[in-house]
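Structure, as structure tokens:
We count residues from 1, following the sequence as given.
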Amino acid sequence: MGTLTLNLSTRTLKPYQHHNNLLKSPLSLYDSQIHCLCRKKNLSITIHWKLKATKESAERERNRVGKKIGVSDGAPSLSEDAGNGGVPAGPDRNSSGSFKLLKKLSRRVLSVLSNLPLAIGEMATIAALMALGTIIDQGEAPDFYFQKYPEDNPVLGFFSWKWIFALGFDHMFSSPLFLSLLALLAASLMACTYTTQIPLVKVARRWSFVHSAEAISKQEIAETLPRASVQDLGVILMGAGYEVFLKGPSLYAFKGLAGRFAPIGVHLAMLLIMAGGTLSAAGSFRGSVTVPQGLNFIVGDVLGPSGFLSAPTEAFGTEVHINRFSMDYYDSGEVRQFHTDLSLLDLEGNEVMRKTISVNDPLRYGGITIYQTDWSLSTLQILKDDEGPFNLAMAPLKLNGDKKLFGTFLPVGNTDSPTVKGISMLARDLQSIVLYDQEGKFSGIRRPNSKLPIDIDGTKIVIVDAIGSTGLDLKTDPGVPVVYAGFGALMLTTCISFLSHAQIWALQDGTTVVVGGKTNRAKAEFPDEMNRLLDQVPEIVESYSSRQSNSSSG
């Protein structure tokens, strides 16, 4: 039998009048959020060393002895032991051994996958492949790679088209190598969540009462409150947003538990982003088309699958009609914007949607997005000597970014002659047409729809209209909503992860309260918060009448 004496720092408390008991708080504990698990009226500060042997230790001792001595109710038959050295064999024993081996192997695999350096290496490799995918043109025809990455003059002395096709770098984001690395990183995230984050949350949610003043004093911050009540401390902590639990003389309080869940949310958000990216890369359809004004095309004829997860939908049978193509210009004459009036028709030819699209203002229907990306001139409509109109096909003569030039030719005279001559017409846009005579000399400029004729070598020409072609990009991307949801969750959980998880323990030791606490974040702010809360704990002062009654009884 022995006693334990603790020397702790003490605090000066505000005087507070107490009568006949340890607690006369102005707030009722029954109306608060303090969870009182057990209440004792009398407190003892004597520790009996002789009684430290608990039921658990006795049980462990019996188990230890039981492992050394095996007791059986009956002896096994000779036929069962003969071939196994006296050890009974059977399906239960074999299955038990297999289960233990499988469990050990799974633990080993989880340990390897949850390794932090491995996860960092996976993310670095994925980032390098993504950067390489932006350098190497994606989805081009094989001839493009043959010319740009020739085998006789490889990049960096070894990198040629063979490497691109062997590793799938022409479709990087749906290549087996890239998707395998994503799957490996996903497995690492799930292993880390299972082996590290979930156990941490379980521990954080557990009520961990401390019944030793010495253990409390070893916390990051420890204080001793003389002549104080642990219930008063609980009320103050509750008012500061802590969840408070009482068990006899012991108190446990915490707040900011959401910060413990945040890493799990971050991992889930990253898994969502990777799943959405995989779905986009391997489950999309893409295609491009240039259509003259007034013509139609079928969506399914333009779109092509980008991966093994691509699956067409009912909207692929939709017909798109180009009602009109138009352009806007700056005062300098440069093209500012171009628009396409589209109508979507179902299988019966009924219009289901109509919209005028432009750059950065696409049309979305049935999971299909139609973007305005390019333009060209398809046809020049003219009158020749008041006959017609005739449609002359326009051919691109120069394409250099936004600087475009289109031209057409109108034969004049004997078209069967080996040296056919005619009138040349050039256009940079839909605003004006430049005309040249048979000798290639400049003849004049006319605007479409101006109805102003021009005479060239005895031939009267009227420019009726310049018909443009719209360049459209079509795609389906089922992974976009998943990626957006993942990034939204990532931003939210990242902010939540900055919340500090603080824990406070307290023990009533006679008329003294021993308090200790710690936090996983906000290491600099937590001591100030703790001091501010402890300064609010009232001091228990014995009343004058109580002192007189105590002196008279003495």
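Using a distance-only test at 3.5 Å, with no hydrogens or angles considered, no donor-acceptor pair links the side chain of Thr340 to the main chain of Leu342. In this structure, Ser217 contributes its side chain and Glu214 its backbone to a donor-acceptor pair below 3.5 Å. Using a distance-only test at 3.5 Å, with no hydrogens or angles considered, no donor-acceptor pair links the side chain of Thr196 to the main chain of Thr193. The backbone N or O of Thr476 lies less than 3.5 Å from a partner atom in the side chain of Ser284, making a donor-acceptor pair. In this structure, the side chain of Thr519 engages the main chain of His501 through a donor-acceptor pair within 3.5 Å. In terms of modelled atom types and a separation under 3.5 Å, the side chain of Gln138 and the main chain of Glu140 share no donor-acceptor contact.
Between Leu189 and His267, the shortest heavy-atom contact is O-ND1, 3.6 Å. Closest of all the heavy-atom pairs between Gly317 and Leu347 is O-CD2, 3.5 Å. Of all heavy-atom pairs between Ser160 and Pro150, the closest is CB-O, 3.7 Å. The shortest heavy-atom contact between Thr195 and Pro199 is O-CG, 3.5 Å. Between Met274 and Leu185, the shortest heavy-atom contact is SD-CD2, 3.6 Å. Here the shortest heavy-atom pairing between Ile216 and Ala506 reads CD1-C, 3.8 Å.
By the 4.5 Å heavy-atom criterion applied to side chains, Phe316 and Leu303 are counted as neighbours. Using a 4.5 Å cut-off on side-chain heavy atoms (C-beta onward), Ile357 and Pro362 make no contact. With contacts defined as side-chain heavy-atom distances shorter than 4.5 Å, the pair Leu344/Val320 qualifies. With contacts defined as side-chain heavy-atom distances shorter than 4.5 Å, the pair Ser280/Pro478 does not qualify. Residues Tyr145 and Ile136 are in side-chain contact: their nearest non-hydrogen atoms beyond the backbone lie under 4.5 Å apart. The shortest distance between side-chain heavy atoms of Phe297 and Leu474 falls below 4.5 Å. Here the side chains of Ile368 and Thr318 are not in contact, with every heavy-atom distance at 4.5 Å or above. With contacts defined as side-chain heavy-atom distances shorter than 4.5 Å, the pair Phe526/Ile504 qualifies.
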Verdict with reasoning, Arg107 to Lys103, per side chain to side chain contact (heavy atoms under 4.5 Å, CB included): CA-CA 6 Å; Arg107 287 179 179 176; Lys103 189 175 182 180; 3.0 Å; yes
task: Walk me through it: do Leu268 and Leu272 pass the test side chain to side chain contact (heavy atoms under 4.5 Å, CB included)?
output: CA-CA 6 Å; Leu268 293 177; Leu272 274 178; 5.9 Å; no
field: Residues Thr224, Val513; criterion side chain to side chain contact (heavy atoms under 4.5 Å, CB included); working and verdict
entry: CA-CA 6 Å; Thr224 300; Val513 176; over 6 Å; no
- request: Could you go through the side chain to side chain contact (heavy atoms under 4.5 Å, CB included) check for Leu499 and Ile496 one step at a time?
  value: CA-CA 6 Å; Leu499 295 177; Ile496 294 176; 4.0 Å; yes
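Listed by chain and number, the residues in a salt bridge (Lys or Arg N to Asp or Glu O under 4.0 Å) with Glu525 amount to none (sequence neighbours excluded). Partners of Ala282 under the side-chain contact (heavy atoms from CB on, under 4.5 Å) rule, at least two apart in sequence or in another chain, are Phe308, Leu309. Judged as a side-chain contact (heavy atoms from CB on, under 4.5 Å), and not counting sequence neighbours, the contacts of Ala215 are Val210, Ser212. With sequence neighbours excluded, the residues that form a side-chain contact (heavy atoms from CB on, under 4.5 Å) with Ser310 are Phe285, Pro305, Ser306.
The OH atom of Tyr149 sits 14.5 Å away from atom CH2 of Trp161, with the distance rounded to the nearest 0.5 Å. If you take CG on Leu182 and OG1 on Thr125, they are separated by 11.5 Å, rounding to the nearest 0.5 Å. Leu118 CG to Glu122 CD: the interatomic distance, rounded to the nearest 0.5 Å, is 4.0 Å. Atoms CG and CG, on Leu110 and Asn115 in that order, are 12.5 Å from each other to the nearest 0.5 Å. Annotation: the span from Ser250 atom OG to Gln508 atom CD amounts to 10.0 Å, rounded to 0.5 Å. Separation of atoms CZ (Phe245) and CG (Leu251) is listed at 10.0 Å; rounding is to 0.5 Å.
Under the side chain to side chain donor-acceptor pair (under 3.5 Å) rule, Glu220 has a single partner from Gln503, Lys518, Lys523, which is Lys523.
Identified under the salt bridge (Lys or Arg N to Asp or Glu O under 4.0 Å) test for residues 141-152, with sequence neighbours left out: Asp137-Lys148, Glu151-Lys162. Within the structure, the salt bridge (Lys or Arg N to Asp or Glu O under 4.0 Å) test picks out no pair touching residues 471-492 (sequence neighbours left out).
Atom CZ of Phe165 has more than 12 neighbouring heavy atoms from other residues, nucleotides or ligands inside a 6.0 Å radius. Surrounding CZ of Phe159 are more than 12 heavy atoms belonging to other residues, nucleotides or ligands, all under 6.0 Å away. Surrounding CZ of Phe487 are at most 12 heavy atoms belonging to other residues, nucleotides or ligands under 6.0 Å away.
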